[in-house]
Amino acid sequence: MDTGILILRLLVGLLVAGHGVQKISSHLGGRGLEGGTEEFRADGFRGGVLTALAAGGGQIGSGLLLAAGLLTPLAATGAIGVMTVALTVKWRHGLWVQNDGYEYPLVLIGTAAALAATGPGAWSLDAVLGLTPYPLWWAALALAAGLGSGLLTRLVLHRQTAAVPHATAPGGH
């Protein structure tokens with residue numbers, strides 16, 4: 001069981017961290033901080049560079065903590081939060097990723113929540129430091145705080161688009 005949890009932590013943690021690196025640099029196929037800023041603006045978010053830095057930093061930090069199995073409930077909260085924001089961006093496209101849907105963020109949210117519930121396993125820094133096992137209520141707290149912070153971020157930073165009146169052709173209705 002510990003081997004499976006280690007593999008899962010490394011896979012998900014490093015992917016989440018790598019996604020953050022792409023938001024703020026040209027490494028791993030990223031478009032640099034300017035590209036990350038443009039992506040957030042195109043998705044309707046305020047804040048520009050600060051938004052990209054906060055999202056990228058949150059993904060890097062939570063991803064590395066998950067991969068290391070350090071402060072696992074906190075790491076899961078961070079990953080759930082940033083992936084909840086991503087889910088809200090993709091929501092209008094439906095579930096499936098081939099339609100630019102929210103399938104991938106949902107899988108990462110579920111995996112982070114599962115890691116908060118199972119704990120990081122014996123091969124983790126939490127275990128080395130004697131922080132495990134975490135009580136199960138930590139998983140519920142991580143999920144609630146992650147979802148709440150992601151939704152609050154969306155609410156606070158996303159610009160409301162004004163309704164655009166429909167143009168009518170001359171003589172039309």
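Just so you know, these numbers come straight off a predicted model, no measurement behind them.
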Over all atoms of both residues, closest heavy-atom pair of [X] and [Y]:
X	Y	value
Pro105	Ala86	CG-CB, 4.0 Å
Gly81	Ser149	CA-OG, 3.8 Å
Ala116	Ala76	CB-CB, 3.8 Å
His158	Asp43	NE2-O, 2.8 Å
Ala75	Leu65	CB-CB, 3.5 Å
Leu6	Trp123	CD2-CE3, 3.6 Å

Please check if atom CD in Glu34 has more than 12 non-hydrogen atoms from other residues, nucleotides or ligands closer than 6.0 Å.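 Atom CD in Glu34 is not crowded, with 12 or fewer foreign heavy atoms closer than 6.0 Å.
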Are [X] and [Y] side-chain neighbours, meaning at least one heavy-atom pair lies under 4.5 Å?
X	Y	answer
Thr84	Thr153	no
Phe45	Val89	yes
Pro120	Thr132	yes

ILVMFWY cluster membership beyond Val107 - transitive side-chain contacts under 4.5 angstrom: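 Result for Val107 is none, singleton.
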If you link I, L, V, M, F, W and Y whenever their side-chain heavy atoms are under 4.5 Å apart, who else ends up in the same group as Leu143?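 Reading the cluster by chain and number, Leu143 sits alongside Met1, Ile5, Leu8, Leu11, Val12, Leu15, Val16, Leu66, Ile80, Val82, Met83, Leu87, Trp91, Leu95, Trp96, Tyr102, Tyr104, Leu106, Leu108, Ile109, Leu115, Leu147.
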Could you tell me the separation between the [atom1] atom of [X] and the [atom2] atom of [Y], rounded to the nearest 0.5 Å?
X	Y	atom1	atom2	result
Leu33	Glu38	CG	CD	10.0 Å
Leu141	Thr77	CG	OG1	6.5 Å
Thr37	Leu50	OG1	CG	8.5 Å

Per the side-chain contact (heavy atoms from CB on, under 4.5 Å) rule, which among Gln22, Glu39, Lys23 passes with Arg31?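 Answer after filtering Gln22, Glu39, Lys23: Glu39.
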Path from [X] to [Y] over hydrophobic side-chain contacts below 4.5 Å:
X	Y	value
Leu125	Leu14	no
Val156	Leu53	no
Leu155	Leu151	no

From CA spacing to verdict: side chain to side chain contact (heavy atoms under 4.5 Å, CB included), Leu129, Leu70: CA-CA 9 Å; Leu129 297 171; Leu70 179 61; 3.7 Å; yes
Pairing residues for Glu103 by the side chain to side chain donor-acceptor pair (under 3.5 Å) criterion, not counting sequence neighbours: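 Glu103: no side chain to side chain donor-acceptor pair (under 3.5 Å) contacts found.
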Phe40/Leu157 under side chain to side chain contact (heavy atoms under 4.5 Å, CB included): CA gap, chis, key distance, verdict: CA-CA 10 Å; Phe40 279 103; Leu157 292 181; over 6 Å; no
Okay, side chain of Arg159, backbone of Arg41: is any donor-acceptor separation there less than 3.5 Å?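 Yes; judged by distance alone, with no hydrogens or angles, the pair exists.
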For Thr72, does its backbone N or O pair with a side-chain atom of Asp126 as donor and acceptor, under 3.5 Å?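 The answer is yes, because a donor-acceptor pair under 3.5 Å joins these two groups.
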